[in-house]
Amino acid sequence: MGRAEDRRARRRGGRRPAPTRSSAAPTGSSAQEEPVTVVGGRAAARRAARGRGRAKGKAGKDGRSLIRRMFTWKKIVGAFFGMCLLGMGAFIALYMMIGIPKGNADATLQSNVYQYSDGSLMTRDGQRNREIVGLDKIPKSVQRTFVAAENKTFYKDNGVDLRGTARGLLNTLSGKGAQGGSTITQQYVKNYYLTQNQTVTRKLKELVISLKLDREKSKDYILAGYINTSYYGRGAYGIQAAAQAYYRVDAQDLSVEQGAYLAALLQAPNQYDWAIASDTGKKLVKARWNYVLDNMVEEGWLDKAKRARTTFPTPKPPKAAPGMGGQTGYLVNAANNQLARQLVAQGTADNVNDALTMVNQGGWTITLSIDKKKQAALEKAAKSQLTSKLDPKKRSVDADVQAGAVSVNPKNGAVVAMYGGQDYYKHYRNNATRTDYQPASTFKPVILAAALDGGAQTQTGKPITAGTMYDGTSRRPVVDNGTKVGFAPENEDNASYGEITVQTAMNKSVNSVFAQMGVDVGMKKVLKVGGDLGMDTSKLNARPAQTLGTMGASPLQMAGVYATLDNHGKKVTPTIIKSVENSRHQVDLPNPIGDQVISREAADTVTSVLTGVVDDGTARVSVRNNAERDGRKVAGKTGTSDENRSAWFSGYTPDLVTSVGLFGESKKSGAQVSMHGAAGLPRVNGGGFPAQIWAAYTFGVSRTGLKFDLDTTQGAAVRPTYSQTPSRTPSQTPSRTPTSESPTSQTPSRTPSRTPSQTPSQSPSQSPSQSPSETPSGGGVQNPLDPNGGQQP
């Protein structure tokens, strides 16, 4: 009885009742009843609590909540180990199913076929620049440079980096793109057995094949495959081709310094190629070169004393691949680079380097937008108007003159012609796409476009229009809200113009006017509009000196800017690719015509103003008076940078936009140099050779009888161009108001400005054969905000 009652009490959550006292004890005593009462009270309280819990649906029989019962530590640990077992099982199954395949289709040598826009053959890269060499032909120290660069644990690991692979899988699933961390084995597997596609399936296959390959093949076999299949840039596959391309030696003759450069190059062949690398690229590749050698010392593969004596082995200039002579190499490389960027944009490749590897592996049929007739005409114009007049034997500076040009259809964005240099064999770098030279005064239309599109005002609150008056005094200090900003640019030949309209300032390319206008508009706004129109301004810090075009730009970019203006403000992104075909990869080409980036009225007003540059400005001799013009409507702008390092003419008719640039590049060092004295002229201006090339080409291929369809009431195209005389007449009274200048600064400026400014404006019009662009330049004032000084138009 006692035990049964005890068990029942425990089940009820209570205690065993107190034992019955002897009959001798007094009956009815409260001391005898209290234990039973207490026990019964606690049991009842627990039962009541459990009943309330069950009524609320939050607790079970043991009083715990549903969540606590579902997620106990035992269940969590069990689930974790269960998932691990499932993962291990899945990986074992995957390991059993996937074998080491043969070299994939991407590793098979193929040609790329390049066609003109009409489908006719331009060229094919029929021979792959690759020669397989064994490790016995590669010095041990050079072999180790690749291990030091990419995978220091190569000789010890099992072929994979699990953390790096997991990181890559997570990035792929989350859409973050490429992630480093692959071993040499994994990179070789990706290059030779698989593809560059960024997918989870490919990464899993890469992991399995790498593990199997490491078990079945020697480390030397894997390293040899990696070194011989990697792409090094300059069309070179494998170390033997790279040794020849960069140092003109066989792989067996490479030094450890040269090997370290080639090993560093694999991280970014296009960016790190010394011949075309930017200053940043050169710093990066040198840093990686040092990283490689330091790792070799750390691993005991290179003596510290020898490391201390190493010097960076500057690669030799590149030689063009066979079959790429003339303009063909420039066109092919431009198409390849655009295709690579598109492969990255659509997610087919991780980065541009991987994409270029895919392109250079062959199997592509690329139809370019190049028009054979226009291409031939542009080449002929460059030869007749420039290269035939250069004689390096007579004048050494003539060897330093480089030309680049791009011609675009503004209606569809097609690059119909491109001139990259005199010959791809002689000058590897494409002058049409290089961005290291300043566009100078061809940037001024961007400032005006920003002013018109944003409804900007002068310092005194007057709207900026084609007829707004500005002070054109040379070296006039630029002011912002009455405060000088420390910038006072000099006009060409230090000429002063006094009070002139914006139209006249554009015609004469007056630096002082546009420097002030840029500050009036706000340089951040100006740079934004420049980026919207097609320039690369995203990383620039706004400063007043940029009003003179001190940033870098290419003829391709400037052609896009002017094409957008010609297209009434709808963005035109020039494209050199018309179509692409490949059996393994689908390429979706974007529409070159984009959204409205500035208002039509602003774009059309700039076009109207730019017609004045041709008819009454710096391009009138080469363009307006050209016998082949035949009534064509033309808008354009000249540009000449400080020290005459670059000269430009960017212009357009209603149906064709072309930008021509001349660049002073030392034939010996590749540094930027002056073109003073080239072709026997004191100075090479935008209104000279660039405008002459432009006119000879454009007037030979553009249609006649077309007019600009302009939605504007401003500018030279819809109003008579302001002449020098009427522009000065009203300047005596209102000059002080819009310019915010003090009376003391204006009194002396009016006197000297009237004399020199009238003389050059009338003399050329009486004697059109003599261009003012050939007048020797005056000494330029150094701009404290720009180490390169001011610009000339």
Side-chain angles (χ1 to χ4, degrees), residues 405-411 439-453 465-466 501-509 514 529 533-534 555 558-570 572 598-626 628-639 648-660 686-687 690-695 697-699 701-722 793:
V406 174
S407 186
V408 176
N409 182 334
K411 304 304 179 186
S441 293
T442 59
F443 183 70
K444 286 182 172 117
V446 175
I447 303 173
L448 180 57
L452 297 169
D453 186 62
T465 67
T501 64
V502 169
Q503 175 69 71
T504 302
M506 186 71 79
N507 294 353
K508 309 299 181 184
S509 200
F514 285 93
V529 170
L533 291 174
M558 298 312 294
V561 170
Y562 282 67
T564 301
L565 295 174
D566 199 1
N567 197 36
H568 310 294
K570 290 196 72 174
V572 177
I598 61 172
S599 69
R600 171 164 184 163
E601 183 179 4
D604 288 356
T605 299
V606 174
T607 296
S608 179
V609 169
L610 292 182
T611 62
V613 177
V614 174
D615 294 334
D616 190 32
T618 53
R620 62 183 180 274
V621 174
S622 298
V623 181
R624 184 192 70 177
N625 299 336
N626 193 291
E628 303 298 323
R629 182 176 180 181
D630 196 17
R632 290 177 177 85
K633 301 299 181 182
V634 178
K637 185 70 186 76
T638 58
W648 298 72
F649 184 76
S650 295
Y652 50 101
T653 60
D655 66 327
L656 194 64
V657 179
T658 305
S659 179
V660 181
Q692 291 163 13
I693 294 172
W694 185 95
Y697 162 71
T698 302
F699 296 155
V701 298
S702 65
R703 295 168 56 191
T704 59
L706 300 179
K707 295 183 179 180
F708 290 115
D709 179 20
L710 302 179
D711 182 13
T712 182
T713 59
Q714 303 179 48
V718 295
R719 290 183 179 180
T721 303
Y722 284 88

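Hydrogens, waters and symmetry mates play no part in the numbers below; they use all other heavy atoms, side chains included.
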Asker: Nearest heavy-atom pair of Thr564 and Leu533: which atoms, and what distance?
Answerer: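 Heavy atoms of Thr564 and Leu533 come nearest at OG1-O, 3.4 Å.
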
Asker: To the nearest 0.5 Å, what is the distance between NE2 on His568 and CG on Asp709?
Answerer: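 Answer for the NE2-CG pair, His568 versus Asp709, is 5.0 Å.
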
Asker: Could you tell me which non-hydrogen atom of Gly715 sits nearest to which non-hydrogen atom of Ala466, and how far apart they are?
Answerer: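 Heavy-atom minimum between the residues: N-CB, 3.7 Å.
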
Asker: What is the distance from atom CG of Leu452 to atom OG1 of Thr712, rounded to the nearest 0.5 Å?
Answerer: 8.0 Å

Asker: How far does OH of Tyr652 sit from OG of Ser407, to the nearest 0.5 angstrom?
Answerer: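 That separation rounds to 14.5 Å.
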
Asker: Run Phe443 and Trp648 through side chain to side chain contact (heavy atoms under 4.5 Å, CB included) and show every step you take.
Answerer: CA-CA 10 Å; Phe443 183 70; Trp648 298 72; over 6 Å; no

Asker: Please test Val502 against Val609 for side chain to side chain contact (heavy atoms under 4.5 Å, CB included), starting from the C-alpha separation and ending with a verdict.
Answerer: CA-CA 9 Å; Val502 169; Val609 169; 5.5 Å; no

Asker: Report the distance from atom CZ of Phe649 to atom OG1 of Thr442, rounding to the nearest 0.5 Å.
Answerer: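 Taking CZ in Phe649 and OG1 in Thr442, the distance rounds to 10.5 Å.
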
Asker: Could you go through the side chain to side chain contact (heavy atoms under 4.5 Å, CB included) check for Gln714 and Ser608 one step at a time?
Answerer: CA-CA 7 Å; Gln714 303 179 48; Ser608 179; 5.8 Å; no

Asker: In this structure, which one of Lys637, Arg624, Lys633, Arg620 forms a side chain to side chain contact (heavy atoms under 4.5 Å, CB included) with Val614?
Answerer: Arg624

Asker: Roughly how far, to the nearest 0.5 Å, is CG of Leu710 from CZ of Arg600?
Answerer: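 Here the interatomic distance stands at 8.0 Å.
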
Asker: Check Val529 against Ala450 and note the closest heavy-atom contact, atom names and distance.
Answerer: CG2-CB, 3.8 Å

Asker: Report the distance from atom CZ of Arg703 to atom CG of Asp630, rounding to the nearest 0.5 Å.
Answerer: 13.5 Å

Asker: Would you find a donor on one side and an acceptor on the other, under 3.5 Å apart, between the side chain of Thr611 and the backbone of Ala635?
Answerer: no

Asker: Is the closest side-chain donor-acceptor distance between Lys444 and Ser509 under 3.5 Å?
Answerer: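 Indeed, the side chains of Lys444 and Ser509 share at least one donor-acceptor pair under 3.5 Å.
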
Asker: Any side-chain heavy-atom pair from Tyr697 and Leu656 closer than 4.5 angstrom?
Answerer: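 They are in side-chain contact.
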
Asker: If you take all heavy atoms of Pro445 and Val606, which pair is closest and at what distance?
Answerer: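 Looking at all heavy atoms of both residues, the closest pair is CB-CG1, 3.9 Å.
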
Asker: Do you know the tightest heavy-atom contact between Pro654 and Pro410?
Answerer: O-CG, 4.0 Å

Asker: Is it true that, when you exclude Lys570 itself, more than 12 heavy atoms of the residues, nucleotides or ligands shown sit nearer than 6.0 Å to its NZ?
Answerer: no

Asker: Taking all non-hydrogen atoms of both residues into account, name the closest pair between Gly636 and Val613 and its distance.
Answerer: O-CB, 3.2 Å

Asker: Is Asp711 reaching over with its side chain to a backbone N or O of Glu601, donor-acceptor style, under 3.5 angstrom?
Answerer: no

Asker: Taking the side chain as every heavy atom from C-beta outward, state whether Val634 and Phe699 have any pair of such atoms under 4.5 Å apart.
Answerer: yes

Asker: Does the distance from a Lys or Arg side-chain N to an Asp or Glu carboxylate O, for Asp655 and Arg632, drop under 4.0 Å?
Answerer: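 Salt bridge: no.
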
Asker: Leu565 and Ile598: side chain to side chain contact (heavy atoms under 4.5 Å, CB included), yes or no, with the steps?
Answerer: CA-CA 9 Å; Leu565 295 174; Ile598 61 172; 4.0 Å; yes

Asker: Is it true that the side chains of Ser659 and Tyr562 contain a donor and an acceptor less than 3.5 Å apart?
Answerer: no

